[in-house]
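Some notes on the structure that comes next.
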Amino acid sequence: MTLFDLPGPTPGVCDDPELMLVHQHFMTLDPSGARFAKVLRHTIDQLLDGENTGRFDWDDLHKTEKTHAGTLVEINLLREPEFKLASGEDLDYLIEGLEVDCKFSQTEYGWMIPPEALGEICLVVWADDRMGLWSAGLLRADREKLTTSGNVTKRGNRDGKFRLTKQHHSMVTWLWHHEPLKENLLLHMNPSLRAKILAQPSGQKKVNELFRRVLRKQIDRNVVRTLARQYDYMARVRDDKQKTRARPALREEGIIITGDSTNHRAVAAALGGPVPEKGEFVSFRVARAKPHHGNRPAAEIEGELWVAVREDEMTDTPGPKLPTR
């Protein structure tokens, strides 16, 4: 493989060997962008802080919190061990022996380039939770192709930062462009359904209503954290002697909640999916398999065959208890 024969998205025409070396670094370690996307999802959720605030919408953040997003993206990328990033001496990162600055913007192409990054390589990142998209690319901050930001301080002096001019947007060499951001379930949920869930009088009842109403869909544990609003939020799902918790309570209604353990994933797959990934749940309304269910997928639980059923079909109550092995 040569320097310009890289995996992943085509970088486009670029005669900057140093920039392409940084490009190769990321594309070799994360060709699909999956790790980068996880960092961005984690950063947005970190800012929303659903456990303490109940927030799930970027628009509900304070201005200072939104401003802090760039710093958090920079730090969280640095902490991602798979990227093998080191802190730079003058700029944010040292990648393949090259200083690289990291810039995040809430609007596409809205990156603010500081004077110390002029002439240097910038890792430019954008994410929009409402659109469910993100991008990351590399840019050589050429002063001749940048314009002053136009931001003015109280004293009337410009803040000294620069922005990429519209006619030079093509200067960005994309690593990943308009990739899907993991869904913010509460944000994109049908408003009337979301209102029913949020109207419940306690964190436990909110969590139960979530799994009762959102069936056969991957639910990230951060959604549970936001609704439960407690440190031990997983207790709201746990299957134990407290019958009000989600698993035992909904089992009485013929609903089972699969998690990311091997045995739970096997049950979800046997029921026809979807299958929960790490940190996810999927709930199913189930009934014992009968001839009228036809050839739909079935899972053997507690020695019987069970199938997933629609909301207009009958369940068997109580539902089965999921295996621990």
Side-chain angles (χ1 to χ4, degrees), residues 6 8-27 29-44 47 58 66-78 80 83 85 87-88 90-96 98-129 131-151 159-181:
L6 304 175
T10 303
V13 178
C14 182
D15 57 359
D16 189 332
E18 289 185 341
L19 187 146
M20 294 311 298
L21 192 61
V22 177
H23 187 283
Q24 184 180 30
H25 177 92
F26 280 106
M27 298 312 300
L29 296 176
D30 190 18
S32 69
R35 291 190 181 98
F36 207 103
K38 285 182 179 179
V39 171
L40 293 178
R41 178 74 271 165
H42 168 70
T43 302
I44 294 172
L47 281 164
W58 177 274
K66 293 178 181 180
T67 303
H68 188 51
T71 302
L72 280 181
V73 169
E74 171 203 328
I75 293 172
N76 289 338
L77 287 172
L78 185 63
E80 172 52 58
F83 287 142
L85 301 178
S87 294
D90 298 314
L91 302 179
D92 295 325
Y93 306 135
L94 187 66
I95 305 174
E96 303 293 341
L98 300 167
E99 295 265 350
V100 177
D101 210 32
C102 179
K103 291 298 160 199
F104 174 81
S105 175
Q106 302 155 34
T107 57
E108 199 168 20
Y109 297 104
W111 308 293
M112 308 295 288
I113 311 299
E116 62 269 22
L118 291 178
E120 305 293 344
I121 299 171
C122 294
L123 171 65
V124 289
V125 185
W126 163 79
D128 189 311
D129 206 13
M131 292 177 65
L133 294 173
W134 68 277
S135 298
L138 299 170
L139 167 71
R140 176 72 75 172
D142 186 341
R143 174 64 188 89
E144 294 182 358
K145 298 174 182 177
L146 298 172
T147 183
T148 53
S149 67
N151 290 342
D159 60 7
K161 293 185 178 180
F162 303 86
R163 299 180 67 172
L164 188 63
T165 56
K166 187 173 183 179
Q167 60 266 38
H168 291 112
H169 284 180
S170 60
M171 285 176 57
V172 179
T173 298
W174 294 111
L175 292 160
W176 309 279
H177 193 216
H178 286 183
E179 293 294 318
L181 185 67

message: Quick one, His177 and Glu108 - any side-chain contact, counting heavy atoms below 4.5 Å?
response: yes
query: Centres of the Trp111 and Trp126 rings: under 6.0 Å?
result: no
- prompt: Would a line drawn from the ring center of His23 to the ring center of Trp174 be shorter than 6.0 Å?
  reply: no
query: Would Ile121 and Ile95 satisfy side chain to side chain contact (heavy atoms under 4.5 Å, CB included), going step by step from the backbone distance to the final call?
result: CA-CA 10 Å; Ile121 299 171; Ile95 305 174; over 6 Å; no
field: Minimum heavy-atom distance between Arg143 and Leu118, given as atom pair plus value
entry: CD-CD1, 3.9 Å
query: In Å, rounded to the nearest 0.5 Å, how long is the span from CG of Asp16 to OG1 of Thr173?
result: 8.0 Å
query: Where do Tyr93 and Val22 land on the side chain to side chain contact (heavy atoms under 4.5 Å, CB included) test, with the steps shown first?
result: CA-CA 11 Å; Tyr93 306 135; Val22 177; over 6 Å; no
query: Does the side chain to side chain contact (heavy atoms under 4.5 Å, CB included) test come out yes or no for Leu85 and Val100, once each step is laid out?
result: CA-CA 10 Å; Leu85 301 178; Val100 177; over 6 Å; no
query: With sequence neighbours excluded, what pairs up with Trp58 under the ring pair (Phe, Tyr, Trp, His ring centres under 6.0 Å) test?
result: none
Leu72 side chain near Phe104 side chain, heavy-atom distance below 4.5 Å: no
- prompt: Given side chains that start at C-beta, do those of Leu123 and Asp101 come closer than 4.5 Å, heavy atoms only?
  reply: no
query: Tell me, do Leu21 and Gln24 make a side-chain contact under 4.5 Å, heavy atoms counted?
result: yes
query: Do Arg140 and Glu18 touch side chain to side chain, with heavy atoms closer than 4.5 Å?
result: yes
message: Distance check, rounded to the nearest 0.5 Å: Met112 atom CE versus Cys122 atom SG?
response: 12.5 Å
Qualifying residues under side chain to side chain contact (heavy atoms under 4.5 Å, CB included), relative to His169, sequence neighbours excluded: Tyr109, Leu164, Lys166
- request: First locate atom CG of Asp90, then atom CD of Glu116, and finally report the distance between them rounded to the nearest 0.5 Å.
  value: 9.0 Å
Heavy-atom closest pair, residues Lys103 and Ile113: CG-CD1, 4.1 Å
task: Would you name the heavy atoms of His178 and Ser135 that are closest together and state the gap between them?
output: N-OG, 2.8 Å
- line: Tightest non-hydrogen contact, residues Gly137 and Val172, listed as CA-CG1, 4.1 Å
message: So, taking the atom named CD in Glu179 and the one named CG in Leu133, what distance separates them when rounded to the nearest 0.5 Å?
response: 9.0 Å
Leu91 versus Ala117, closest heavy-atom pair with distance: CD2-CA, 4.3 Å
Could you go through residues 29-41 and list every donor-acceptor pair under 3.5 Å that involves a side-chain atom there, pairing it with any protein atom two or more places apart or in another chain?
unit_1, atom_1, unit_2, atom_2, d
Asp30, OD1, Gly33, N, 3.3
Asp30, OD1, Ala34, N, 3.2
Asp30, OD1, Arg35, N, 3.3
Asp30, OD2, Arg35, N, 3.3
Asp30, OD2, Phe36, N, 2.9
Ser32, OG, Ala34, N, 3.2
Arg35, NH1, Leu29, O, 2.5
Arg41, NE, Asp45, OD1, 3.4
Arg41, NE, Asp45, OD2, 3.4
Arg41, NH1, Asp129, OD1, 2.9
Arg41, NH1, Lys182, O, 2.7
Arg41, NH2, Asp45, OD1, 3.0
Arg41, NH2, Asp129, OD1, 3.4
Arg41, NH2, Asp129, OD2, 3.1

- line: All heavy atoms of His25 vs all of Glu96, minimum pair found to be ND1-OE2, 2.8 Å
